[in-house]
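Note that the structure is predicted; figures quoted are calculated from it, not measured.
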Amino acid sequence: MSDRLRPARDNPAHSRLRLTAVVGLLLVTAIWGATFLVVKDATVGMPVFDFLTWRFALAAVVMAAIRPSVVRRIDRGTLARGAGAGSLLGMSYILQTLGLQHTSAAVSGFLTGLFVVITPLLAWALFRQHLSPTAWTAAATATAGLALITLSGVSFGSGEALTLLCSVCFALHLLALGRWSPGRDAYALTLVQLTTASLMCLIGAVPHGVRPPQNGSTWTAVLVTAVLASAFAYMVQTWAQKHVTATQAAVVLTMEPVFAGLFAVLVGGERLTVSTLVGGALVVTAMFLIEVPGSESEGSEESAESAGSEGSEGSDAPPPRPWPACPAPARSPGAVAPAGSGKRLRR
């Protein structure tokens with residue numbers, strides 16, 4: 001990256017945007033953690049693929065209804081990048097759902113959370129992005145905390161393999177947003193992502209027939225997750241990744257199981273264990289580590305483009321650097337932890 005494109009690290013405007021992005025991602029993880037109990041109850045009486053299809057489709061419809069003009073702002077670049085990121089998003093949910101048929105929810109939650117380590121590894125392998133020791137320490141600390149929160153034992157089979165592929169796709173989704181969201185309308189890009197994800201989940205639902213929610217509580221769960229946990233959350237994530245690296249975003253997103261455990265204790269009446277407390281403390285520590293000066297990578301792509309692209313979203317903005325073609329595995333939500341465990345998977 002040239003000096004012209006690399007923002008000054010002590011630039012107050014850049015620092016404020018980065019802090020706002022981290023706070024936005026924290027809010028997203030809090031929403032995903034809070035909706036855990038809602039999703040758990042809804043998927044008891046509704047097939048997961050049906051639930052996801054309705055969730056993402058309604059999220060896309062709501063976004064289009066709020067800003068109808070956004071459809072005209074979807075140029076070919078936004079459509080291609082949004083479809084690519086949305087395919088990773090949808091396939092991730094599908095892989096996690098398939099993996100859950102052959103492994104426990106707790107193990108799936110841990111393996112999915114390994115994106116926090118896989119993301120910097122892929123950033124190095126695909127883009128030769130070198131990370132600081134502090135960034136690696138934060139990733140390792142978050143992984144240890146996630147293990148304490150979710151893990152009680154592990155064996156490796158087909159379910160674990162599928163879930164690990166889901167984690168790889170989640171990492172690819174983070175990297176894709178980090179490279180594709182700068183210079184693009186975050187709202188338009190999110191709309192395309194959610195539409196694509198709904199079509200991906202529809203493929204899994206069609207063989208058994210797509211059924212609508214059967215009662216008011218399930219409709220409530222679909223609407224809450226569609227509007228807050230999908231439309232709002234992914235729009236915030238898409239915007240935030242203009243201003244933080246994919247590795248920093250990955251570390252922040254590991255706060256989701258911490259919030260899930262907190263809400264499970266406060267609302268669900270579940271018991272708070274010592275391992276959950278220690279694991280949560282480690283994840284929070286990792287959060288602080290990524291804010292330490294020097295924790296950003298030398299080859300960081302996100303902040304550089306965002307500094308020059310803020311306020312230039314849309315089709316007139318210069319296209320981001322091309323992203324190499326990657327295999328398209330994926331990840332999925334809707335999966336939930338056993339009752340009383342206080343553990344959860346990705347939303």
Chemist: Between Leu88 and Ile203, is there shared hydrophobic-cluster membership here, with clusters defined by ILVMFWY side-chain heavy atoms closer than 4.5 Å?
Modeler: no
Chemist: Nearest 0.5 angstrom please: Ile94 CD1 to Leu162 CG, how far?
Modeler: 12.0 Å
Chemist: Answer yes or no: is there a side-chain heavy-atom contact under 4.5 Å between Leu282 and Leu148?
Modeler: yes
Chemist: Could you check if a side-chain atom of Gln248 sits within less than 4.5 angstrom of a side-chain atom of Val22, using non-hydrogen atoms only?
Modeler: no
Chemist: Is it true that Val62 and Val222 fall in one hydrophobic cluster, defined by side-chain heavy atoms closer than 4.5 Å?
Modeler: yes
Chemist: Taking the six-membered ring of Trp180 as reference, does the cationic atom of Arg184 (NZ for Lys, CZ for Arg) lie under 6.0 Å from its centre and within 45° of its axis?
Modeler: no
Chemist: Answer yes or no: is there a donor N or O on one side and an acceptor on the other, between the side chain of Ser167 and the main chain of Thr112, under 3.5 Å?
Modeler: yes
Chemist: Rounded to the nearest 0.5 Å, how far does OG1 of Thr97 lie from CG of Leu52?
Modeler: 5.5 Å
Chemist: Between CG of Leu89 and CD of Gln193, what distance do you get to the nearest 0.5 Å?
Modeler: 6.5 Å
Chemist: Return the minimal non-hydrogen interatomic distance between Ala226 and Ala59, and the atom names on each side.
Modeler: O-CB, 3.2 Å
Chemist: Under 4.5 Å between any side-chain heavy atoms of Thr143 and Leu114, yes or no?
Modeler: yes
Chemist: Which atom pair, heavy atoms only, marks the closest approach of Ala188 to Ile74?
Modeler: CB-CG1, 4.0 Å
Chemist: Would you confirm whether Thr29, through its side chain, and Leu26, through its main-chain N or O, come within 3.5 Å as a donor-acceptor pair?
Modeler: yes
Chemist: What distance separates Thr141 OG1 from Leu146 CG, expressed to the nearest 0.5 Å?
Modeler: 12.5 Å
Chemist: Check this for me: Trp219, atom CH2, are more than 12 non-hydrogen atoms of other residues, nucleotides or ligands nearer than 6.0 Å?
Modeler: yes
Chemist: Less than 4.5 Å apart, any side-chain heavy atom of Met46 and any of Trp54?
Modeler: yes
Chemist: Is a salt bridge present between Arg81 and Asp75, judged by a nitrogen-to-oxygen distance below 4.0 Å?
Modeler: no
Chemist: Does Leu228 belong to the same Ile/Leu/Val/Met/Phe/Trp/Tyr cluster as Leu223, with side-chain heavy atoms less than 4.5 Å apart forming each link?
Modeler: yes
Chemist: Of all heavy-atom pairs between Gln241 and Gly178, which one has the smallest distance, and what is that distance?
Modeler: NE2-N, 3.6 Å
Chemist: I need the minimum non-hydrogen distance between Thr53 and Ala205, along with the two atoms involved.
Modeler: OG1-CB, 3.9 Å
Chemist: List the steps, then state whether side chain to side chain contact (heavy atoms under 4.5 Å, CB included) holds for Thr190 with Met63.
Modeler: CA-CA 9 Å; Thr190 303; Met63 291 191 71; 3.8 Å; yes
Chemist: Should Leu189 and Leu194 be regarded as members of a common hydrophobic cluster, given that ILVMFWY residues are connected when their side-chain heavy atoms come within less than 4.5 Å of each other, either directly or indirectly?
Modeler: no
Chemist: What are the two closest heavy atoms between Ala250 and Leu174, and how far apart are they?
Modeler: CB-CD1, 3.7 Å
Chemist: Do Asp185 and Arg67 pass the side chain to side chain contact (heavy atoms under 4.5 Å, CB included) test, and can you show the C-alpha distance, the side-chain angles, and the key distance before you say yes or no?
Modeler: CA-CA 12 Å; Asp185 185 324; Arg67 279 182 58 186; 3.6 Å; yes
Chemist: A side-chain contact here means heavy atoms from C-beta on lying under 4.5 Å apart; do Asn215 and Thr218 qualify?
Modeler: yes
Chemist: Tell me whether Thr119 contacts the main-chain N or O of Val116 through its side chain, where contact means a donor paired with an acceptor under 3.5 Å.
Modeler: no
Chemist: Check the pair Leu175 / Arg179 against side chain to side chain contact (heavy atoms under 4.5 Å, CB included), numbers first and verdict last.
Modeler: CA-CA 6 Å; Leu175 290 171; Arg179 296 186 74 84; 5.7 Å; no
Chemist: Are the side chain of Trp32 and the backbone N or O of Ala229 linked by a donor-acceptor pair below 3.5 Å?
Modeler: yes
Chemist: Any luck finding a side-chain donor-acceptor pair between Glu160 and His102 under 3.5 Å?
Modeler: no
Chemist: To check you understand the geometry: which heavy-atom pair defines the closest contact between Ala249 and Val244, and what is its length?
Modeler: CB-CG2, 4.2 Å
Chemist: Side-chain heavy atoms under 4.5 angstrom apart, residues restricted to Ile, Leu, Val, Met, Phe, Trp, Tyr: same cluster for Val61 and Met200?
Modeler: no
Chemist: Would you please classify the geometry between the Phe56 ring and the Tyr234 ring as parallel, tilted or perpendicular, with 30° and 60° separating the classes?
Modeler: tilted
Chemist: Is a donor on one side and an acceptor on the other found under 3.5 Å between the side chain of Arg55 and the backbone of Phe51?
Modeler: no
Chemist: Working to the nearest 0.5 angstrom, can you tell me the gap between His208 NE2 and Phe49 CZ?
Modeler: 8.0 Å
Chemist: Under the side chain to side chain contact (heavy atoms under 4.5 Å, CB included) criterion, do Arg16 and His243 qualify, and how do the steps go?
Modeler: CA-CA 10 Å; Arg16 283 194 298 271; His243 309 292; over 6 Å; no
Chemist: Between CG of Leu122 and CD of Gln129, what distance do you get to the nearest 0.5 Å?
Modeler: 11.0 Å
Chemist: Is any side-chain heavy atom of Tyr187 closer than 4.5 Å to a side-chain heavy atom of Ile66?
Modeler: yes
Chemist: Check whether Asp50 reaches the backbone of Val210 with its side chain - one donor and one acceptor, N or O, closer than 3.5 Å.
Modeler: no
